[in-house]
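Order of the sequence lines sets the chain letters (A, B, ...), proteins ahead of strands, with each chain counted from 1. No experiment lies behind these values; they were computed from the predicted model shown.
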2 protein chains.
Amino acid sequence: MTDDAIAAAFEPHDHQECAHRALDEAAARLKDQGARLTPVRRRTLEILLESHRAMGAYDVLDRLAAEGFGRQPPVAYRALEFLVQHGLAHRLQRLNAFAACLHPGDDHHPVFLICRSCDRVAEAPVTPIRDALAQVAKAGGFRVERATIEALGLCATCAASDAGAPC
Amino acid sequence: MTDDAIAAAFEPHDHQECAHRALDEAAARLKDQGARLTPVRRRTLEILLESHRAMGAYDVLDRLAAEGFGRQPPVAYRALEFLVQHGLAHRLQRLNAFAACLHPGDDHHPVFLICRSCDRVAEAPVTPIRDALAQVAKAGGFRVERATIEALGLCATCAASDAGAPC
DNA sequence: CGCTGTCGCGTTACTTTATTACAATTGTGT
DNA sequence: ACACAATTGTAATAAAGTAACGCGACAGCG
């Protein structure tokens, strides 16, 4: 994952292509793992991929229900959990929401940058931060297994446009 | 905040003294700020201070209700929100829970180390990690305003005792 | 003192988020 | 076609969090 990936999430880009590629990659990865990308799961991923924003489980559920899938919470939660477990989506603790992963394949529990103005979410390179965290923890005798790192702030596009207005 | 503070949270210590000092410090700080440490608020802080663990809002509420305070959710949420806003407690996103702050005074949105075995929570020095995060974000044009950093893992005491058994 | 405005508290009612349990169905391998 | 596991649909319920209203305590001020 490069620094460019951060800017990419916040700036205008060929999102069709961006989403399509993520979907293809997801399908390929699942095939390798012998996991099934069923219609609900596929559609759930597509819905998440429509934007670089995080969506609540019930927002996803509404969409699924409108398209003929089940309309009970477990439908959405199951699909989302599946995607998260297979590294195709992430859960944002801070927002009680989910976002598609744009770099499946990188082994990661990434760092998230959440713009408070436009609500877009980017994944940032995790290594330097994870290293710093591991070191600090180690000094206290603590062994880190998983870390949740979510930063709230302002993306370059929003900062440029108005330091606060939606972009 | 020193590295010793991490170990302190996970190892046996004079907790009476530890909690008492935090409470005194809290009272003093609030007085300076002209904020009132009312009975509900004080009791809420004491409840959180009883352990180095995080508690859910409804757990706190049960305790408060049993002691004659109101038994409706807003009672607990208001007291907890007050404590958080005044830097006397923290919210752990990952657990939907709250923990008393043991170092009020340090200006901080600290890093949390959560032991998955004994459920204790420690606050770790934040500077190196925050710096690493800010740098990574800056490279992508993102300005971090607030960061949630929560690590799940195993504390030294639990690791020594059984690599997994409650301590 | 008594007025007045703010703050804190308690309650009702409600919304949002998430899980448990079970039945029906689909897909896989033989 | 058959047995079996995985997946989906549904009902019901739990957990977490918020909005809105009124009452009473308390500080500041004439």
**Request:** Tell me whether the guanidinium CZ or amine NZ of Arg41(B) lies under 6.0 angstrom from the six-membered ring centre of Phe82(B) and within 45° of its axis.
**Result:** yes
**Prompt:** Would you call Glu46(B) and Arg42(B) a salt bridge, using N to O less than 4.0 angstrom?
**Reply:** yes
**Prompt:** How many Å lie between OH on Tyr77(A) and C1' on dT16(C), as a whole number?
**Reply:** 8 Å
**Heavy-atom side-chain proximity of Leu30(B) to Arg36(B) below 4.5 angstrom** = no
**Complete:** On DNA chain C, more 5' by nearest nucleotide between Ala57(A) and Gly68(B) is Gly68(B)
**Item:** Check: Val121(A) and Leu113(A) side chains under 4.5 Å, non-hydrogen atoms
**Value:** no
**Message:** Under a 3.5 Å cutoff, is there a donor and acceptor pairing between the side chains of His13(A) and His52(A)?
**Reply:** yes
**Step-by-step ring-ring contact (aromatic ring centres under 6.0 Å, His included) determination, His90(B) to Phe112(B)** = CA-CA 10 Å; His90(B) 298 292; Phe112(B) 296 103; 5.2 Å; yes
Might you list the N or O atoms of the protein lying below 3.5 Å from N or O atoms in nucleotides 23-26 of chain C, with each pair's distance?
none

**Fill in**
Against the side chain of Asn96(B), the closest entry in dT17(C), dA16(D), dT18(D) is dA16(D)
**Prompt:** Rounded to whole angstrom units, what separation is found between the CZ atom of Phe98(B) and the P atom of dA16(D)?
**Reply:** 11 Å
**Item:** Flag side-chain contact, heavy atom, 4.5 Å: Asp119(B) against Ser51(B)
**Value:** no
**Prompt:** Heavy-atom contacts under 4.0 Å between residues 80-93 of chain B and DNA chain C, which residues?
**Reply:** none
**Complete:** Rounded to whole Å, CG of Leu64(B) lies from P of dG8(C) at a distance of 16 Å
**End-to-end axis angle, where each axis spans five pairs of the helix from dC1(C)-dG30(D) to dT30(C)-dA1(D), to 10°** = 30°
**Message:** Is it true that, when you exclude Glu145(A) itself, more than 12 heavy atoms of the residues, nucleotides or ligands shown sit nearer than 6.0 Å to its CD?
**Reply:** yes
**Request:** Take Tyr58(B) and Ala35(A), find for each the nucleotide of DNA chain D with the closest heavy atom, and name the residue whose nucleotide sits nearer the 5' end.
**Result:** Ala35(A)
**Fill in**
Here the distance between atom C1' of dC9(C) and atom CG of Leu37(B), to the nearest Å, is 15 Å
**Pro73(B) or Phe69(B), whichever maps to the more 5' nucleotide of DNA chain C** = Phe69(B)
**Test log, rule side chain to side chain contact (heavy atoms under 4.5 Å, CB included), inputs Leu83(B) and Thr44(B)** = CA-CA 9 Å; Leu83(B) 294 175; Thr44(B) 301; 3.8 Å; yes
**Request:** Establish whether the base of dG17(D) is bridged to the side chain of Arg78(B) by a donor-acceptor pair shorter than 3.5 Å.
**Result:** no
**Request:** Measure from the side-chain heavy atoms of Arg41(B) and tell me the nearest of dT8(D), dT19(C), dC9(C).
**Result:** dC9(C)
**Message:** Rounded to whole Å, how long is the line connecting atom CZ of Arg94(A) with atom P of dT17(C)?
**Reply:** 16 Å
**Asked** What is the distance, rounded to the nearest whole Å, between atom CZ of Arg71(B) and atom C1' of dC9(C)?
**Response** 15 Å
**Message:** With side chain to side chain contact (heavy atoms under 4.5 Å, CB included) as the criterion, how do Leu49(A) and Leu102(A) come out once you've worked through the C-alpha distance, each side chain's angles and the decisive distance to 0.1 Å?
**Reply:** CA-CA 8 Å; Leu49(A) 279 169; Leu102(A) 295 171; 3.8 Å; yes
**Validation row: Cys155(A), Cys118(A) side chains within 4.5 angstrom (heavy atoms)** = yes
**Message:** Can you measure Leu95(B) atom CG to dG17(D) atom C1' for me and round it to whole angstrom units?
**Reply:** 17 Å
**Prompt:** Rounding to a whole Å, what distance do you find between Gln72(A):CD and dT16(C):P?
**Reply:** 16 Å
**Request:** On DNA chain D, check which nucleotide each of Pro39(A) and Gly56(B) is closest to and give me the residue with the more 5' one.
**Result:** Pro39(A)
**Request:** Answer yes or no: is there a side-chain heavy-atom contact under 4.5 Å between Ile149(B) and Thr148(A)?
**Result:** no
